[in-house]
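See below for the structure under consideration.
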There are 2 protein chains.
Amino acid sequence: MTLHRPLPPDMFDELCPSSLLPFRFGDKWAALVMRCLEDGPRRFSELRVPLARVTPKVLTQSLRGLERGGLVSRTVHADPKAGVEYALTPLGRSMLEPMNAACEWAAEHWDELLDARERHIAT
Amino acid sequence: MTLHRPLPPDMFDELCPSSLLPFRFGDKWAALVMRCLEDGPRRFSELRVPLARVTPKVLTQSLRGLERGGLVSRTVHADPKAGVEYALTPLGRSMLEPMNAACEWAAEHWDELLDARERHIAT
DNA sequence: CCGAATCCATAGGGATACTG
DNA sequence: CAGTATCCCTATGGATTCGG
């Protein structure tokens, strides 16, 4: 079998770590975190508000992962009062575009997605 | 903090199972499977060729997951010769669009992604 | 305020071998 | 051909507690 266009370098290749795959943006919360940073830099405690369901440890994990991936930057301010600021990098910001497209797709088909799931639970 | 547009119904809500999130398309191999079905229905053994790294058990798992999600259909033909065919549902097909957009994004920024990762390993 | 350290539970993926 | 059946094992997420 052949695919029209090759995937990134080669998604079928072992070398492609699945964590870099465009549709597996990091961990469980990564996408949500990204969206919370959409409007500008945020401090840790600010992120904890909308992400109340995420424990600090897990949130840190997620942020570290995004940092490693070059999608988020972490800056410790000299003034301790300023805290630590997380922000999207240009790369991270560029990722919002396809991500939001995916979001909109999901929003449009939300009921179909839920239907399909319910139906299979019933069966 | 507020987001301009609400996410799907409400991504921050507990009710939103993360498996339905647009950027976490099912399991590790789901996206690859979808792309393999892009050009038309395929049988199990046909899928195993490009997905040679995936064991049959895991491939089955992935297909079942996609089926539950309403993205892929599974049809057992009366004639045993025809085998079992997997195909994208209209819903599944509609998902290829945002997914491919994400793919293209990844392809464009592939080196940046790798760079960021390497840099952090070095450190 | 921003995490780190520890411990735990589970699920997901994988290897291997076997069946209708 | 199209899966099952086991068994294992690590990674991830989560609760809780502690530190700079």
Side-chain angles (χ1 to χ4, degrees), chain A residues 1 11-14 16-21 23-33 36-37 41-69 72-87 117, chain B residues 1 11-12 14 16-21 23-33 36-37 41-69 72-87 117 121:
Chain A
M1 178 194 300
M11 260 177 40
F12 290 92
D13 187 340
E14 171 104 29
C16 169
S18 59
S19 54
L20 284 182
L21 291 185
F23 12 73
R24 280 184 70 80
F25 301 114
D27 57 36
K28 183 173 178 181
W29 303 105
L32 240 36
V33 172
C36 289
L37 292 173
R42 295 281 184 261
R43 303 193 314 183
F44 193 80
S45 48
E46 293 179 297
L47 291 173
R48 294 212 56 194
V49 178
L51 299 169
R53 285 166 46 214
V54 188
T55 65
K57 178 199 142 189
V58 174
L59 181 53
T60 301
Q61 269 180 194
S62 196
L63 285 165
R64 292 285 188 274
L66 291 169
E67 199 188 349
R68 285 186 52 207
V72 162
S73 66
R74 175 178 183 271
T75 45
V76 184
H77 290 284
D79 177 9
K81 279 301 177 186
V84 181
E85 251 187 17
Y86 294 94
R117 184 151 282 235
Chain B
M1 179 194 299
M11 261 176 40
F12 290 92
E14 169 104 29
C16 170
S18 59
S19 54
L20 284 182
L21 291 185
F23 11 73
R24 281 184 69 78
F25 301 115
D27 58 35
K28 183 173 177 182
W29 302 106
L32 239 37
V33 172
C36 288
L37 292 173
R42 295 282 185 262
R43 305 193 316 188
F44 193 79
S45 50
E46 292 180 297
L47 289 173
R48 295 212 54 193
V49 177
L51 299 169
R53 286 167 45 215
V54 187
T55 64
K57 177 198 140 187
V58 174
L59 180 53
T60 301
Q61 272 180 189
S62 197
L63 285 165
R64 292 286 189 274
L66 291 169
E67 200 189 348
R68 283 186 54 206
V72 162
S73 67
R74 176 178 182 270
T75 44
V76 185
H77 290 284
D79 177 9
K81 279 301 178 190
V84 180
E85 251 185 15
Y86 293 93
R117 184 152 280 235
I121 291 172

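Every chain is numbered from 1, with letters handed out A, B, ... down the list of sequences. Just so it is clear, the structure is predicted and the values come from calculations on it, not from any experiment.
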Notebook entry, point to check: side-chain contact (heavy atoms from CB on, under 4.5 Å) between A:Tyr86 and A:Leu66: does it pass, once the steps are laid out?
Noted result: CA-CA 10 Å; A:Tyr86 294 94; A:Leu66 291 169; over 6 Å; no
To the nearest angstrom, the CG-C1' distance between B:Leu63 and D:dT4 comes to 15 Å
Full working for side-chain contact (heavy atoms from CB on, under 4.5 Å) between A:Gln61 and A:Arg64
CA-CA 5 Å; A:Gln61 269 180 194; A:Arg64 292 285 188 274; 5.8 Å; no
inquiry  = Any side-chain N or O of A:Ser45 below 4.0 angstrom from OP1/OP2 of C:dC1?
reply    = no
Atom CD of A:Glu85 and atom C1' of C:dG3 are separated, to the nearest Å, by 17 Å
To the nearest angstrom, the NE2-C1' distance between A:His77 and C:dC1 comes to 13 Å
Whole-Å distance, B:Lys57 NZ to D:dT4 C1', equals 10 Å
Open item on the list: With a 3.5 Å distance limit and no angle check, can you tell me whether B:Thr60 reaches the backbone of B:Pro56 through a side-chain donor-acceptor pair?
Closed with: yes
Comparing nearest nucleotides in DNA chain D, the 5'-proximal residue of the pair A:Trp29, B:Arg74 is B:Arg74
(Q) Strictly below 4.0 Å: does A:Thr60 bring a side-chain N or O up to OP1 or OP2 of C:dG3? (A) no
Please check the phosphate of D:dG3 (OP1 and OP2 only) for any side-chain N or O of B:Tyr86 closer than 4.0 Å. yes
Per atom distances to the A:Val58 side chain, the nearest of D:dG3, D:dG13, C:dG14 is D:dG13
N/O (side chain, B:Arg53) to phosphate O (OP1/OP2, C:dA15) under 4.0 Å: no
Of the candidates C:dG3, D:dA15, C:dG14, the side chain of A:Pro56 sits closest to C:dG3
Hey, does A:Val84 reach any base, or is it just sugar-phosphate, or nothing, if we go heavy atoms under 4.0 Å?
sugar-phosphate
Closest heavy-atom pair, A:Val54 versus A:Arg48, reported as atoms and distance to 0.1 Å, is O-NH2, 4.0 Å
Check whether any side-chain N or O of B:Arg74 sits under 3.5 Å from a backbone N or O of B:Val84 as a donor-acceptor pair, and report yes or no. no
### Task
Using a 4.0 Å heavy-atom cut-off across all strands, classify A:Lys28 as base, sugar-phosphate, or nothing.
sugar-phosphate
Determine: side-chain N/O of B:Arg64 to OP1/OP2 of D:dG3, distance under 4.0 Å, yes or no. yes
A:Arg48 atom CZ is separated from C:dG3 atom C1', nearest whole Å, by 10 Å
Atom CG of A:Leu59 and atom P of C:dC1 are separated, to the nearest Å, by 14 Å
B:Gln61 atom CD is separated from C:dA15 atom P, nearest whole Å, by 13 Å
B:Leu51 CG to D:dG3 P, in whole Å, measures 14 Å
